[in-house]
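The next block holds one structure in the form of structure tokens; read it before the comments.
A quick note: this is a predicted structure, and the numbers were derived from the prediction, not measured.
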Amino acid sequence: MDAQLKIWSAEDASCVVTFKGHKGGILDTAIVDRGRNVVSGSRDGTARLWDCGRSACLGVIADCGSSINGVAVGAADNSINLGSPEQMPSEREVGTELKMLLLAREDKKLQCFGLQSRQPASGSSKIFELWGNLAFLAPACSQVFLFIGSDAFNCCTFLSGFLLLAGTQDGNIYQLDVRSPRAPVQVIHRSGAPVLSLLSFRDGFIASQGDGSCFIVQQDLDYVIELTGADSDPVYKVATWEKQIYTCCRDGLVRRYQLSDL
């Protein structure tokens, strides 16, 4: 909440890098490629690209005028035209080519960029604004496609080079196809609690919500495994390592789940 972004050593607990530049609290981050660059989203409405080696901001990628609650970076499928940068990228940008940037915004909008080009991930010169199944073409613009959801978007993730997920404050999980963003592939709704975390996992994903629920969706989004223990306290974040899942809960506990082969 002090608008600083820090990188810590897992070996000796020292703070090795501090990024300064945001004007509001930082709500989410995403690592680009192998980690020489990172992206952050903030309450100040901006998404920034950072150079870890020099502790410097390489640029403001987006200025939305609305809090950015979640960010995600993913490799784009070959069928997706990400456009070309208007200016030569900095030599300090490493691994941004052929990457998409997804922004989950407080104003109910989901945005998708070509990370290096800052161009529409759809390859179109227009913005698609969607409400339900209705699509509206906005004036030509070199920004993004915009998807308007049912409530504030809290989190987002990529499932593949063209499929993505985003979760809203009212409990909806939208699955979208970047190649055809006019309408969701499907909307998953298990409860009205806020969707707080989404993470791609094997051939499905893991989701956590504000009512303490945390679940794995597998096999074409049709088979669900519940992770119990959080009761009714919000599960804010989920992480994975090999066959283990870690959850971070408001009750002060980090839980570890050991999974067999699914």
Side-chain angles (χ1 to χ4, degrees), residues 3-5 19-33 36-52 56-76 80-90 92-130 136-149 151-158 162 164-169 174 176 178 181 198:
Q4 296 183 64
L5 183 65
F19 300 125
K20 296 182 180 180
H22 279 296
K23 305 302 182 185
I26 299 169
L27 300 178
D28 200 12
T29 61
I31 297 173
V32 180
D33 204 46
R36 291 178 63 178
N37 297 152
V38 296
V39 176
S40 59
S42 170
R43 290 185 187 276
D44 65 13
T46 67
R48 293 174 179 261
L49 181 68
W50 304 91
D51 173 14
C52 297
C57 180
L58 293 174
V60 176
I61 302 174
D63 191 348
C64 304
S66 176
S67 177
I68 299 173
N69 297 326
V71 298
V73 172
I80 299 172
N81 179 9
L82 296 179
S84 300
E86 294 182 357
Q87 300 178 346
M88 182 67 67
S90 165
R92 303 296 298 182
E93 277 196 38
V94 181
T96 58
E97 64 276 7
L98 302 179
K99 298 293 194 308
M100 296 179 289
L101 174 64
L102 191 60
L103 305 179
R105 294 170 34 173
E106 181 70 21
D107 60 0
K108 303 183 181 182
K109 294 179 181 178
L110 187 69
Q111 242 173 340
C112 192
F113 290 85
L115 179 56
Q116 186 181 82
S117 67
R118 315 330 185 219
Q119 297 290 318
S122 63
S124 169
S125 62
K126 293 182 173 64
I127 294 176
F128 291 101
E129 293 197 359
L130 297 97
F136 304 91
L137 291 180
C141 177
S142 61
Q143 269 193 84
V144 296
F145 79 72
L146 290 176
F147 180 85
I148 302 177
D151 206 340
F153 280 101
N154 293 327
C155 53
C156 54
T157 193
F158 286 98
F162 53 87
L164 59 89
L165 293 175
T168 60
Q169 184 69 15
Y174 289 89
L176 293 169
V178 175
L198 289 167

Assess whether side chain to side chain contact (heavy atoms under 4.5 Å, CB included) is satisfied between L164 and M100, documenting all intermediate values. CA-CA 11 Å; L164 59 89; M100 296 179 289; over 6 Å; no

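- The nearest pair of heavy atoms linking L58 to S90 is CD2-OG, 3.9 Å.
- Formation of a donor-acceptor pair under 3.5 Å by the S117 side chain with backbone atoms of L82 is found in this model.
- Counting heavy atoms from C-beta outward, Q111 and C64 have side chains that approach closer than 4.5 Å.
- One distance of note links CG of L198 with CZ of F153; it measures 10.5 Å at 0.5 Å rounding.
- Pairs engaging residues 65-74 under the salt bridge (Lys or Arg N to Asp or Glu O under 4.0 Å) rule: none recorded [sequence neighbours left out].
- A distance of 9.0 Å separates CD1 in I148 from CZ in R105, rounded to the nearest 0.5 Å.
- Using a distance-only test at 3.5 Å, with no hydrogens or angles considered, a donor-acceptor pair links the side chain of S42 to the main chain of G24.
- In this view, D151 satisfies the salt bridge (charged side-chain N to carboxylate O under 4.0 Å, His left out) rule with no residue, not counting sequence neighbours.
- The CD atom of Q116 sits 10.0 Å away from atom CG of L49, with the distance rounded to the nearest 0.5 Å.
- G21 and W50 get closest at one heavy-atom pair: N-CH2, 4.0 Å.
- Every residue two or more places apart in sequence or in another chain was checked for a salt bridge (charged side-chain N to carboxylate O under 4.0 Å, His left out) with E106, and none qualifies.
- Separation of atoms OG1 (T46) and CG (L103) is listed at 10.0 Å; rounding is to 0.5 Å.
- Annotation: the span from C155 atom SG to N69 atom CG amounts to 9.0 Å, rounded to 0.5 Å.
- Of the possible polar contacts, one joining the D28 side chain to the V71 backbone as a donor-acceptor pair under 3.5 Å is found.
- At a threshold of 4.5 Å between non-hydrogen side-chain atoms, the residues H22 and L5 do not count as touching.
- For R36, the salt bridge (charged side-chain N to carboxylate O under 4.0 Å, His left out) criterion is met by no residue, not counting sequence neighbours.
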Decide side chain to side chain contact (heavy atoms under 4.5 Å, CB included) for L176 and F147; before the verdict, give the C-alpha distance in whole Å, the side-chain angles of both, and the deciding distance to 0.1 Å. CA-CA 9 Å; L176 293 169; F147 180 85; 3.9 Å; yes

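- Formation of a donor-acceptor pair under 3.5 Å by the N37 side chain with backbone atoms of V94 is found in this model.
- Counting heavy atoms from C-beta on, the side chains of C52 and V38 come closer than 4.5 Å.
- Contact record, L110 with A104: CD1-CA, 4.0 Å, taken as the closest heavy-atom pair.
- Counting heavy atoms from C-beta outward, L27 and I68 have side chains that stay 4.5 Å or more apart.
- Every residue two or more places apart in sequence or in another chain that forms a side-chain hydrogen bond (donor to acceptor under 3.5 Å, both in side chains) with Q4 is listed here: D2.
- In this structure a side-chain-to-backbone donor-acceptor pair under 3.5 Å is missing from S67 to G45.
- Contact check for F19 versus I26: no side-chain heavy atoms found under the 4.5 Å cut-off.
- Pairs of residues two or more places apart, or lying in two chains, never qualify as salt bridge (Lys or Arg N to Asp or Glu O under 4.0 Å) while including a residue from residues 37-48.
- Summarising the geometry, atom CZ belonging to F158 is positioned 7.0 Å from atom CG belonging to L101; distances are rounded to the nearest 0.5 Å.
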